[in-house]
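What follows is a short report on a single structure.
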Amino acid sequence: MIPSIRAVKPALRLQSPSTRLIYRDRFPLRSHNLLYRNTRLSSAPFSSSQIRKLSSQTPPSDKKPESENNTTPNEKTQETQQGKEGREEESQRDNKGQDESKSSRQSQSKDNFNGFPGGPFQGQGGKGTKAEFKMDLPSLVTSAVVSYILYRTVVPGENSREITWQEFRTTFFDKGLVDKLTVVNRQRVKVSLHRDATSRVYPDSNPVAGNSVYYFSIGSVEAFERRLDDAQRELGIPSSERIPVAYKDEISWLGTFLSFGPTLLLLGSIYWFSRRASSGGSQSGIFGIGKSRAKLFNHETEIKTKFKDVAGMDEAKEEIMEFVKFLQEPGIYKKLGAKIPRGAILSGPPGTGKTLLAKATAGEAKVPFFSVSGSEFVEMFVGVGPSRVRDLFAKARKNAPCIIFVDEIDAIGKSRAKSNFSGGNDERESTLNQLLTEMDGFNTSEQVVVLAGTNRPDVLDKALMRPGRFDRHIAIDRPTMEGRKQIFLVHLKRIVTNENLDDLSGKLSALTPGFSGADIANCVNEAALIAARKQADSVALIYFEQAIERVIGGLEKKSLVLSPEEKRTVAYHEAGHAVCGWYLKNADPLLKVSIIPRGQGALGYAQYIPAGDSYLMNVSQLMDRMAMTLGGRVSEELHFETVTSGASDDFNKVTRMATAMVTKWGMSKDIGYLYFEEDPNQLHKPFSEETARKIDTEVRRLVDQAYEQCRNLLIEKKHEVGLVAEELLSKEVLGRDDMIRILGKRPWEERDKQFEKYFHPKESSAPPPPPTEMSPESDPEPRPLST
Ligand SMILES: Nc1ncnc2c1ncn2[C@@H]1O[C@H](COP(=O)(O)OP(=O)(O)OP(=O)(O)O)[C@@H](O)[C@H]1O
């Protein structure tokens, strides 16, 4: 390219300095312009007389026959075939009189400058090499837009052609073909030709025959005028016949569009974001904020849950069955004049299957199911909550018969009286009011049942629970042993295992007292994951046991390495607990003890055989449990010179137990049969200073008593503690079998018969304890030694 630029210079030197300047300004070093210069070489060295000679011949685009002459007959035939299409097009174009101007434009753009008489692209426009482009749609569109914009930027009009002053002079001006010149925006000059004269000079030239407009750029109007004057004088044109020059300002649509670009972009983004923000719901745009976000499950396609998938909770199912019957056969009730229950509150601890039960109700009744969380009614905008409630009920009525399930209803249904203390929450209250109104607004013929789930039925507003609203209150508790077995059976069906399902579910249910349905589902899934990690073919009992341990105690922390002294302390601490549990009649016997750190900061842990699903605890049980909990610290005192911080969690539990015995369970003679509620928000304690002192004394007395009991036992069994601790140090984990081997059979009969049924002493490998016993302190400093 560089040689070509150099080669241009001699030609340019012939012209005036101003022209040169214009030329340079107009063509910065851009590829297309270089190409232009390059090709311009072929014509630039001609003198004006040569050009005149050439131009009297047929213009270059029409020189086809010449090139065709050079081709072989074969090529010729091919070309003839290839050109056939083009010619057909030509003839079609000729036929379409009305489309003539359009066709000529197309043909011009196809020929580009080739059709220009004596134009710069002479001989260049022939058949180029064929290149194949494979582009996907987005890049195709993008490149099309970019090319178009570039094209529009470079080429001012659809059929306009840019020429140079020299071309203007040699091709048009010197031949007297120019009719008029128009200076546009003081930058360009539009050349208007005498059509008749031009077509006479260039009879076969397409561009001239068409509506082409020629432009050339100028540096300044003054310089242009001067040069035009010089040129006219040179040609000896009398002043009366001089070419008229007009001046005009034109607004470029592209420039106008680009100036609005940022504004349009901003508006477009706002619109797009508002659509995106609301795309989660069924509504569109920012105005959909008041619409309900309830998810609709269609009974035909989406709700596959049936009562058989909800294991245990037979009473709850029976109670809720009435709603199913009502939705299926409302006539029976109406006939007898019975009022249909409006709704039910399902209350219970997290993960006990409230949502599942509601879904199964819809599945059984074969009706649509709207599921929404109470918190979805709460927004920062005033009035959104009530409006969403209205919308939800309106939708439900349209889909009746149907079931609405509002999960976590306490988010809106909290007692209004209680919330006033903290300043109240008007928005929440009005949402609740709207909910009450909507429920009242149902007439009995509207088959819309509202079920609500909550973990905190105690905080709910009384108005929600009154007859005519949530008529029924169904409490769903953590499953019993039999319930757990059923739930295990439901979830084990999806698992590949070679174990006997009945036996396996029985064992697992015995090992998981206090587990909710969600815990059980998680446990089964966790076991399958562990088995998959070990690349096992089926999920064996051992993986279930590991999964239960993991659910209860957390992950093993192999990276946490204890010093030998710390390990020794942990071993004696855990051995203290274990020995207490083994010899205290009402305590839970040990099942597994480990000094491998686990979960959130527990350095060791012990699992106990639960006393079945016990719902009541007597004083002896509580005292023995407290003594066992203190066993870790007492053992440290008896075997080491100093004690560690590891027993803080034990003390926390003991204090809570003793305080509850004194203030809630009426187990202190001095305090008597009183109940004092623990409320951290209460500014004043509900008892006098004197009672407070008495409570302190009584709590202390109980803990001291448990401590004495524990200490006496461990002094007596000091040797056994040593045996267990040393074995634990060497093996890190001890099971029930090891305990029997070291200490002999437990001197008391097991209370949990179910457990005995599934785990004969010799068979047991590694089962776990009630989860309530396994809550290591979340604060890792100081670390508790055990739980
Ligand atoms: N009785 C049960 N039978 C079978 N699976 C159960 C049962 N209870 C719970 N599950 C399992 O636990 C999962 C969670 O239950 P669900 O969401 O119904 O609990 P929830 O009581 O609504 O919890 P939350 O109070 O936290 O909303 C269910 O998807 C299911 O896999």
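Residue numbers start at 1 and run along the sequence shown. Order of appearance sets the numbers: ligands from 1, and atoms from 1 within every ligand. Values in this document were obtained by computation on a predicted structure and should not be read as measured data.
For N500, the CG atom counts as densely surrounded, since its 6.0 Å shell holds more than 12 non-hydrogen atoms of other residues, nucleotides or ligands. Remark: K325 NZ is loosely packed, at most 12 non-hydrogen atoms of other residues, nucleotides or ligands lying under 6.0 Å away.
The side-chain heavy atoms of F515 and I487, taken from C-beta on, include no pair separated by under 4.5 Å.
Nearest protein heavy-atom neighbour of atom 14 (C) of ligand 1: A518 CB, 3.9 Å. Among all protein heavy atoms, the one lying closest to atom 27 (O) of ligand 1 is D407 OD2, 3.3 Å. Of the protein's non-hydrogen atoms, L356 N, 2.9 Å is the one closest to atom 18 (O) of ligand 1. From the protein, the heavy atom lying nearest to atom 21 (O) of ligand 1 is K354 NZ, 2.8 Å. Looking at atom 22 (O) of ligand 1, its nearest protein heavy atom turns out to be T355 OG1, 2.5 Å. Atom 10 (N) of ligand 1 has as its closest protein heavy atom G517 C, 3.7 Å. When only non-hydrogen protein atoms are considered, atom 26 (O) of ligand 1 lies nearest to G351 N, 3.7 Å.
A donor-acceptor pair under 3.5 Å is absent between the side-chain atoms of T629 and the main chain of D650, judged by distance alone. In this structure, R484 contributes its side chain and T512 its backbone to a donor-acceptor pair below 3.5 Å. Here the side chain of K354 pairs a donor or acceptor atom with the backbone of G348 at under 3.5 angstrom.
Numbered from 1 in the order shown, with element, the atoms of ligand 1 that lie under 4.0 Å from a heavy atom of P350 read 25 (O), 26 (O). If you number the atoms of ligand 1 from 1 as listed, the ones under 4.0 Å from a heavy atom of V310 come out as 1 (N), 3 (N). Taking every non-hydrogen atom of M313 and a distance limit under 4.0 Å, the qualifying atoms of ligand 1 come out as 1 (N).
Distances shorter than 4.0 angstrom occur between a heavy atom of E408 and an atom of ligand 1. In this structure, H491 counts as a contact residue of ligand 1, since one of its heavy atoms falls inside 4.0 Å of the ligand. Contact analysis puts D309 in contact with ligand 1, with a non-hydrogen atom separation below 4.0 angstrom.
Note that CG of L435 is 12.0 Å distant from CZ of R390, once rounded to the nearest 0.5 Å.
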### Derivation of the side chain to side chain donor-acceptor pair (under 3.5 Å) call for S430 and N433
CA-CA 5 Å; S430 45; N433 286 338; over 6 Å; no
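Distances from atom 2 (C) of ligand 1 to the heavy atoms of G353, G483, A311 put A311 nearest.
At a 4.0 Å heavy-atom cut-off, ligand 1 touches T352 through backbone and side chain alike.
Between F326 and Y333, the two ring planes are perpendicular [angle over 60°; tilted spans 30° to 60°].
Residues satisfying the ring pair (Phe, Tyr, Trp, His ring centres under 6.0 Å) criterion with F651, sequence neighbours excluded, are absent altogether.
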